[in-house]
Protein chains: 2
Amino acid sequence: MRLYTDQTRILVAVDCIIFGYDGENLKLLLIKRGFEPRKDEWSLMGGFIGGNENLYEAAERILYQLTGLKEVYLEQLKAYGTPDRDPIERTLSVAYCALIDINKYKMQINDQYHPEWFLLNELPRLIFDHDKMVDEAKRKIRYKAAIHPILFELLPKKFTIPQLQKLYEQVYGTTIDNRNLIRKINSSKLLIRLDEKDKSSSKKGAFYFKLDEDKYEANFQAFLNFIPNPGNLIG
Amino acid sequence: MRLYTDQTRILVAVDCIIFGYDGENLKLLLIKRGFEPRKDEWSLMGGFIGGNENLYEAAERILYQLTGLKEVYLEQLKAYGTPDRDPIERTLSVAYCALIDINKYKMQINDQYHPEWFLLNELPRLIFDHDKMVDEAKRKIRYKAAIHPILFELLPKKFTIPQLQKLYEQVYGTTIDNRNLIRKINSSKLLIRLDEKDKSSSKKGAFYFKLDEDKYEANFQAFLNFIPNPGNLIG
DNA sequence: TCAAAAGTGTTCTTTGTACACCCATGA
DNA sequence: TCATGGGTGTACAAAGAACACTTTTGA
């Protein structure tokens, strides 16, 4: 049955903006495009939507194909529909943001995509409108992380306060007073201190913390305030 | 040239969630669907994307067809892509939120769509996943209005503080202390008081205010704080 | 003159911010 | 013992929240 005659049908793709943090640097995972047009240029990982998939499932599949990871933070960013964004044929793309702990990522054996992690402020030019997608994704993450505790998604189960602080500093491109950051995080009561210490980056060692999962869930929608003057920083 | 062979091409629609405020009540503009399937049921205003339009332009066109209005607040909400959301044929829909001043709206002569304004908490059942779109749009507006001055988009050029307060109260379904709200709005310095008064709703009359457009632009991305405990209210 | 809506201030509490020193340890 | 990074506290400023009375004026 086709009641919607005379309408144009177009391709629909999903592209993933994959942020990762290794405890030191905030990075983005890009692939070398394997087919024409723009073969061998850097690109977001994407794919056409499958016949029986919804958008979120397509994003999960694409992320899994590239990273081997499931059940990571994954959120729709926006749909991009400029008619000529793909020069071959009109393609609407729905962009998704993913936040992953780089240590969990293992390059897939036999990987056809030639993925590479790039420092977020040393990105190469990307194909089509992928640069714009990345800009808008960075902005959205900055926006959201100023109010909600999403950056914990980039950290391992156990992490130290200095790691957390470096992460915030990278996301906002600024230095943050650690006493004030710690006080804000403590007052949110989201973290549980473990007895164990990480001695890999100092002699004294830094205590490991973990998320209190229940409080994390409960406070996710609260308006917290981790960052001073966020309005000036999300630009 | 068709390099993307073997991929399914699908229909792409844009649906508009149109919020309006008349100085008293917050409302949503719905139409009676004019064709099968689900003919004569209530629905968001939507349409398929045209051959040479981007998504925003399609939303503008659809809004204009229904309301005769251009240059109103219009923002992409989200793409909806569940395979069977339209029972006839797979259709991806990109939802847009619009905020308009109902007084500017004039029913189009010869209107084929039979539009009606519904009170926001007395909505009828809508077709497909439109109920979900509306819920998510309400949530997004609540979220955003707690931090950014978007609700002014729903007001006329000249408006009174009591109108503004009623609007906030409707959006959040709560009563708001007018002294505190006024202080917050004053400290944002967004409003300019006019000499004129609106005497239509009281004997004393309420001063009209207008937006300071420059400061509005400049502060749009700032994190303001119009609402107490927004985390509890955006539900 | 009175009913109905508009407008206005104060106090207290909480949160934000700026700032500098001691601690623990392995090399 | 000393260099390195980790950890802690205080004082002042700003913002948020709770709270009730006076003003205006047309009917």
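Letters A, B, ... are given to chains in the order of the sequence lines, protein chains preceding strands, and every chain is numbered from 1. Both backbone and side-chain heavy atoms feed into the values below; hydrogens, waters and symmetry mates do not.
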Exercise. With a 3.5 Å cut-off and just heavy-atom distances, do the side chain of B/Lys204 and the base of C/dA6 make a donor-acceptor pair?
Worked result: yes

Exercise. Once you round it to whole Å, what is the distance between P of D/dG6 and CD1 of A/Ile176?
Worked result: 15 Å

Exercise. Within the structure, does a side-chain N or O atom of B/Asn180 lie under 4.0 Å from either OP1 or OP2 of D/dA18?
Worked result: no

For this session: Using a cut-off of strictly less than 4.0 Å, decide whether B/Lys184 has a side-chain nitrogen or oxygen near OP1 or OP2 of D/dA17.
Result: yes

Problem set entry | Closest to side chain of B/Lys203, choosing from C/dT8, D/dA17, D/dG26 | D/dG26

For this session: Report the relative orientation of the aromatic rings in A/Phe220 and A/Tyr216; use parallel for angles under 30°, tilted for 30 to 60°, perpendicular for over 60°.
Result: perpendicular

For this session: Just compare C/dG7, D/dA17, D/dT10 and give me whichever is closest to any side-chain atom of B/Arg183.
Result: D/dA17

Exercise. Please walk me through it: do B/Asn186 and B/Arg183 pass side chain to side chain donor-acceptor pair (under 3.5 Å)?
Worked result: CA-CA 5 Å; B/Asn186 279 340; B/Arg183 189 179 317 101; over 6 Å; no

For this session: May I have the step-by-step check of side-chain contact (heavy atoms from CB on, under 4.5 Å) for B/Tyr73 and B/Phe152, ending in yes or no?
Result: CA-CA 10 Å; B/Tyr73 183 92; B/Phe152 296 105; over 6 Å; no

For this session: List the steps and the verdict of side chain to side chain donor-acceptor pair (under 3.5 Å) for B/Glu75 and B/Tyr56.
Result: CA-CA 8 Å; B/Glu75 186 191 19; B/Tyr56 186 81; over 6 Å; no

Seminar exercise, completed: Picking from C/dA6, D/dG7, C/dG9, the nucleotide nearest the side-chain atoms of B/Arg179 would be C/dG9

Exercise. A/Phe207 has an atom CZ; how far is it from atom P of C/dC23, in whole Å?
Worked result: 15 Å

For this session: Calculate the interatomic distance between B/Leu224 atom CG and D/dA15 atom C1'; express it in whole Å.
Result: 13 Å

Exercise. Rounded to whole angstroms, how far apart are CD1 on A/Ile185 and P on C/dG16?
Worked result: 12 Å

For this session: Between B/Ala206 and A/Lys197, just flag the one whose closest nucleotide in DNA chain C comes earlier from the 5' side.
Result: B/Ala206

Problem set entry | Touch class at under 4.0 angstrom, heavy-atom based, for B/Asn225 against every strand present | sugar-phosphate

Seminar exercise, completed: note: A/Asn186, atom CG; D/dT8, atom P; distance rounded to Å ~ 8 Å

Exercise. Whole-Å distance between C/dG16 P and A/Phe223 CZ?
Worked result: 14 Å

Exercise. Between A/Ile182 (CD1) and C/dT15 (C1'), how many Å, whole number?
Worked result: 17 Å

For this session: Just call it for A/Thr160: base, sugar-phosphate, or nothing, with non-hydrogen atoms closer than 4.0 Å on any strand.
Result: nothing

For this session: Classify the nucleic acid contact of B/Ser187 as base, sugar-phosphate or nothing, counting any heavy atom under 4.0 Å across all strands shown.
Result: nothing

Problem set entry | Residue mapping more 5' on DNA chain D - nearest nucleotide basis, B/Asp177 or A/Asp177 | A/Asp177

Exercise. Taking atom CD of B/Glu71 as the centre, does the number of heavy atoms from other residues, nucleotides or ligands within less than 6.0 Å exceed 12?
Worked result: no

Problem set entry | Nearest-Å distance for atom pair CG/C1', residues A/Leu181 and C/dA18 | 15 Å

